[in-house]
Amino acid sequence: MAKLAIIALLTFAVIAVVKLCLRKTLNIEKEKKEFFSYNHINKIHRKIDWSLRISSIITNLIFLYLVLFQSFSIELWVFALVIFVVLDYGIRAIFEWKYSQNPKQFILTISEMFLLVIFIVIVFQLDLLGILA
């Protein structure tokens with residue numbers, strides 16, 4: 001559990017530093033967002049986001065069942081996790097780019113998506129959590 005906390009803190013720290021650097025370099029205004037809020041751009045974004053979240057939960061539960069009880073490879077679940085991260089952040093980036101008052105914000109969203117995917121792949125490829133052994 002300590003490894004997971006360290007990896008999560010490291011991930012969030014790197015993301016925060018990268019976003020700060022991009023914000024300064026590209027003159028992207030900081031938006032006021034509440035922590036753990038959904039921050040939907042409009043009603044269509046809310047509907048798409050909730051549909052994606054529900055399908056993500058169902059799919060991840062199915063894949064976890066297959067991995068834990070049917071001897072499927074954990075890479076199946078990791079692949080699904082990466083796909084849903086890319087879809088979630090990609091949809092948010094599109095709505096920020098097309099419909100928000102600050103369209104440059106999508107750059108920060110895309111960079112955060114890439115960093116999360118990189119961290120997920122590194123953690124599972126290097127077995128940093130010790131779950132593949």
Side-chain angles (χ1 to χ4, degrees):
M1 197 61 158
K3 284 182 184 180
L4 182 61
I6 291 169
I7 291 169
L9 285 173
L10 180 65
T11 303
F12 290 122
V14 169
I15 288 171
V17 168
V18 168
K19 286 172 82 172
L20 180 69
C21 292
L22 285 172
R23 214 179 254 120
K24 297 260 186 217
T25 306
L26 302 173
N27 287 334
I28 300 172
E29 296 176 26
K30 186 169 184 170
E31 290 186 346
K32 292 280 186 182
K33 292 183 181 180
E34 292 185 32
F35 200 63
F36 286 120
S37 67
Y38 297 112
N39 300 314
H40 296 113
I41 306 299
N42 56 28
K43 289 180 182 180
I44 297 170
H45 181 216
R46 181 180 312 132
K47 288 178 184 178
I48 292 172
D49 187 58
W50 275 105
S51 299
L52 182 65
R53 286 173 193 261
I54 291 168
S55 61
S56 170
I57 290 169
I58 293 168
T59 303
N60 277 305
L61 287 174
I62 290 169
F63 284 160
L64 277 175
Y65 170 79
L66 292 173
V67 167
L68 295 174
F69 300 112
Q70 301 296 323
S71 301
F72 279 71
S73 174
I74 196 164
E75 281 85 12
L76 177 67
W77 178 71
V78 173
F79 180 73
L81 183 63
V82 167
I83 293 296
F84 281 112
V85 165
V86 169
L87 284 173
D88 181 38
Y89 280 85
I91 289 168
R92 185 180 326 152
I94 290 169
F95 276 90
E96 287 172 346
W97 177 52
K98 291 228 176 215
Y99 302 109
S100 76
Q101 290 93 359
N102 188 6
K104 283 186 176 180
Q105 188 70 29
F106 88 95
I107 297 168
L108 301 177
T109 302
I110 294 295
S111 67
E112 187 174 347
M113 175 192 68
F114 280 119
L115 290 171
L116 277 175
V117 168
I118 288 168
F119 272 96
I120 290 169
V121 170
I122 287 172
V123 165
F124 283 98
Q125 284 296 314
L126 299 178
D127 193 22
L128 297 178
L129 297 176
I131 59 176
L132 298 178

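- Here Phe95 contributes atom CZ and Ile48 contributes atom CD1; the two are 4.0 Å apart, rounded to the nearest 0.5 Å.
- Among all heavy-atom pairs drawn from Met113 and Gly90, the shortest one is SD-N, 4.2 Å.
- Following chains of ILVMFWY side-chain contacts shorter than 4.5 Å, one can reach Val86 starting from Ile118, so the two form part of one hydrophobic cluster.
- Nearest heavy atoms, Gln105 versus Ile28: OE1-CG2, 3.9 Å.
- Counting non-hydrogen atoms of neighbouring residues, nucleotides and ligands closer than 6.0 angstrom, the CD atom of Gln70 exceeds 12 such neighbours.
- Atoms CG and OG, on Leu66 and Ser73 in that order, are 11.5 Å from each other to the nearest 0.5 Å.
- Taking the six-membered ring for Trp and thresholds of 30 and 60 degrees, His40 and Trp50 have ring planes inclined between 30 and 60 degrees apart.
- Ile57 contributes atom CD1, which lies 10.0 Å from atom CZ of Phe84 (distance to the nearest 0.5 angstrom).
- Just one residue in the list Leu108, Asn27, Ile110 forms a side chain to side chain contact (heavy atoms under 4.5 Å, CB included) with Leu22, and that residue is Leu108.
- Separation of atoms CZ (Arg23) and NZ (Lys30) is listed at 5.5 Å; rounding is to 0.5 Å.
- The main-chain N or O of Glu29 is found under 3.5 Å from a side-chain atom of Asn102 such that the two form a donor-acceptor pair.
- There is no path of hydrophobic side-chain contacts, each under 4.5 Å, that joins Tyr65 to Phe79.
- For the residue pair Thr109 and Glu96, a side-chain donor N or O sits within less than 3.5 Å of a side-chain acceptor on the partner.
- Within the 4.5 Å cutoff, the side chain of Asn60 has heavy atoms near those of the Trp77 side chain.
- Within the model, atoms CZ of Phe63 and CD of Glu75 stand 13.0 Å from one another, a figure rounded to the nearest 0.5 Å.
- Remark: Arg92 is positioned above the aromatic ring of Tyr89, its terminal NZ or CZ atom under 6.0 angstrom from the ring centre and at most 45 degrees off the axis.
- Residue Phe119 qualifies as enclosed at atom CZ: its count of foreign heavy atoms under 6.0 Å is above 12.
- Residues Val121 and Val14 are members of one and the same hydrophobic cluster, defined by side-chain heavy-atom contacts under 4.5 angstrom among Ile, Leu, Val, Met, Phe, Trp and Tyr.
- Leu81 and Leu52 fall into different hydrophobic clusters, where Ile, Leu, Val, Met, Phe, Trp and Tyr residues are linked whenever their side-chain heavy atoms come under 4.5 Å apart, directly or through other members.
- Leu9 contributes atom CG, which lies 9.5 Å from atom CG of Leu4 (distance to the nearest 0.5 angstrom).
- Side chain of Thr59 to main chain of Ser56: no donor-acceptor pair is present (N/O by atom type, distance under 3.5 Å, no hydrogens or angles).
- Tested against Val67, the residues Ile74, Val78, Ile62 include a single side chain to side chain contact (heavy atoms under 4.5 Å, CB included) partner, Ile74.
- Under the 4.5 Å side-chain contact rule for hydrophobic residues, Val17 and Ile7 do not share a cluster.
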message: For a side chain to side chain contact (heavy atoms under 4.5 Å, CB included) check, start with the C-alpha distance between Asp49 and Ile91, then their side-chain angles and the critical distance, and finish with the verdict.
response: CA-CA 8 Å; Asp49 187 58; Ile91 289 168; 5.9 Å; no
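- Closest heavy-atom contact between Phe106 and Ala93: CB-O, 3.3 Å.
- For CG of Leu76, the number of neighbouring non-hydrogen atoms (other residues, nucleotides, ligands) closer than 6.0 Å is greater than 12.
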